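Working notes for the structure below.
Throughout, protein chains are lettered first and strands after them, A, B, ... in sequence-line order, and every chain is numbered starting at 1. Keep in mind that what you see is a predicted model, and the values were worked out from it rather than measured.
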There are 2 protein chains.
Amino acid sequence: MVRPTLKKQISNLQEAIKETAWGQITEFGAPALSLRAIARELKITAPAIYNYFPDRDALVTALIIDAYTSFGDSQLEARDSVSENDYVGRLKAIGISYRQWAHTYPQRYELLFGTPIPGYAGPLEKIFPSSARSISALFSTVESIRAAGKLNVDSSPKVKDEYKSHYEVWEKYFSDVHSQSMYVAMMIWARVHGIVSLEIKGNLPPFGKKGDTLYMFELESTARQFIKE
Amino acid sequence: MVRPTLKKQISNLQEAIKETAWGQITEFGAPALSLRAIARELKITAPAIYNYFPDRDALVTALIIDAYTSFGDSQLEARDSVSENDYVGRLKAIGISYRQWAHTYPQRYELLFGTPIPGYAGPLEKIFPSSARSISALFSTVESIRAAGKLNVDSSPKVKDEYKSHYEVWEKYFSDVHSQSMYVAMMIWARVHGIVSLEIKGNLPPFGKKGDTLYMFELESTARQFIKE
DNA sequence: AGTGTAAATATACACTGTATAGTAAAATCT
DNA sequence: AGATTTTACTATACAGTGTATATTTACACT
């Protein structure tokens, strides 16, 4: 038999491949991802996958985009779970959710912010939209703080004109976010990312279930620095 | 010929293997590291490497320790390049050097803080000493600030008693660093690490040669937060 | 001189991604 | 309805990987 009859085919193989990939990533970690292993589990041959993804990197890219979407969903949900004018509350909720998601899906976090796939270099232009969407929860919150005149401008970073060209993609995508908000949001993102990354990788001691050791402190002092009053 | 005569042998093969590995990591990136490729370059066979490293992971561990040593050297040098009582200066010098080293050796930085080797999980207890040494420049500086009574205790994190057990390894290794200094130093480390990581991976726009876009701002506002006056 | 050990080679196995060619089922067109 | 084209696979093969095992020989020591 060279091609199975329709009945025996997996209805949505593209989706099935991704799901199997996620299963293996969850179970064995992202580095162990293998097209052949996926094929074995789906009882097809490895080259069959090439009908749906031109190569392994394309599959990884698709997985990354999915992960960013899941991550972005949780970020937006966290933002919207707090009333719009509770700025500190929104920042904190986003921060807590950031760490929460990373702890719930450590392998996905690794896939997004580590480099677990050997030789994989993602095409940034394909990934950017889903990546930017996931960070937009934070960006929009900071912007709403600025719009309300509550952004502590004195303690906000500025970017010299000569470097502004590098920010064009961002300015374009976040056209409704003021530059100043963007810079502040980038700083906050970096702080959250740094502390979560070090904790997840085990470079820092675990912060406890609610992150109440060092993490909550960082969220609070960051909010205090950038928000007036 | 099964074993070459001594004259034709590479005098220090262990060292030569590591050097060749570094060469390949620098040229092709850490993920492309291959025992067989190293062997080819050294004109030996791949299994010969097993006389010096029990497996690939052991070689990677050795490389990581070397990288931490190089990184630690640059951190300590940066600290000692500024006079002992210039606290802000020392913090800044360490931070600048952190980013500098990452940009000079992006592949080594990747090796230390990313996860570029598929399936590699380093034995933390072997790596910890060289890792802790590299971070000791920052830790000792914060401690000297605290000892001088210039640490802004109000804005310093505290760790609840119930979590203190996780910090034992650290307390033990940094027995001459006060807990409070340790917590502050960890926060600073996380901030620096986060912003450098995102920049290096391309998630944030480049900060320019001197890091004067967002990076210097973060160093300064961090120093301002934790140091009195 | 003979023996034991150390350091390499030779060979082999199981695995990876992927290129190419062949084939049968399904879809389309006449 | 029958012929043709396209689709979705399988089969096979290649070059690469880490690593286990057995073999061989150079060297050190007694």
For DNA chain D, the residues among residues 26-36 of chain B that have a non-hydrogen atom under 4.0 Å from it: Leu33(B), Ser34(B), Leu35(B), Arg36(B)
Asn51(B) CG - dT21(D) P separation (whole Å): 15 Å
Closest to the Arg56(B) side chain, choosing from dT18(C), dC9(D), dT19(D): dT19(D)
Distance test, side-chain N/O of Tyr52(B) to OP1/OP2 of dA8(C), below 4.0 Å: yes
Listed nucleotide nearest any side-chain atom of Thr45(B), set dT17(D), dT10(D), dA10(C): dA10(C)
With sequence neighbours excluded, residues passing side chain to side chain contact (heavy atoms under 4.5 Å, CB included) with Ala37(B): Gln24(B), Ser34(B), Arg40(B)
Atom-to-atom span, OH of Tyr50(A) to P of dT16(C) - whole angstrom: 12 Å
Set of residues satisfying salt bridge (charged side-chain N to carboxylate O under 4.0 Å, His left out) with respect to Arg108(B), sequence neighbours excluded: none
Side chain of Pro47(A) - closest among dC9(D), dT19(D), dT20(C): dT20(C)
Spacing of Ile49(B) atom CD1 relative to dA6(C) atom P, expressed in whole Å: 20 Å
Residues which pass ring pair (Phe, Tyr, Trp, His ring centres under 6.0 Å) with Tyr109(B), listed by chain and number, not counting sequence neighbours: Phe113(B)
Distance, rounded to the nearest Å, where Ile17(A) contributes CD1 and dG17(C) contributes P: 13 Å
Length of the CD-P vector between Gln24(B) and dG16(D), whole Å: 14 Å
Residues which pass ring pair (Phe, Tyr, Trp, His ring centres under 6.0 Å) with Phe71(B), listed by chain and number, not counting sequence neighbours: Tyr98(B), Trp101(B)
Ala37(A), nearest nucleotide to its side chain (from dT19(D), dT16(C), dT9(C)): dT16(C)
Summary of salt bridge (Lys or Arg N to Asp or Glu O under 4.0 Å) pairs that have at least one residue in residues 205-217 of chain A, sequence neighbours excluded: Asp212(A)-Lys160(B)
Axial cation check for Tyr215(B) ring with Arg99(B), 6.0 Å and 45° limits: yes
With a cut-off of 3.5 Å and sequence neighbours excluded, list every side-chain donor-acceptor pair involving residues 165-175 of chain B.
| from | atom 1 | to | atom 2 | distance (Å) |
| --- | --- | --- | --- | --- |
| Glu171(B) | OE1 | Ser179(B) | OG | 3.3 |
| Glu171(B) | OE2 | Ser179(B) | OG | 2.9 |
| Tyr173(B) | OH | Pro129(B) | O | 3.4 |

With sequence neighbours excluded, residues passing salt bridge (charged side-chain N to carboxylate O under 4.0 Å, His left out) with Asp161(B): Lys164(B)
Shortest non-hydrogen contact from Thr61(A) toward Pro123(A): OG1-CD, 3.5 Å
Lys43(B) NZ to dA8(C) C1', straight-line distance once rounded to whole Å: 17 Å
Strand-adjacent residues in residues 58-66 of chain A, judged by heavy atoms under 4.0 Å from DNA chain C: none
For atom CG of Asp57(B) and atom C1' of dT19(D), their distance in whole Å: 12 Å
Separation of dA7(C) C1' from Leu42(B) CG (nearest whole Å): 15 Å
Side-chain N,O (Arg40(B)) to OP1/OP2 (dT17(D)) below 4.0 Å: yes
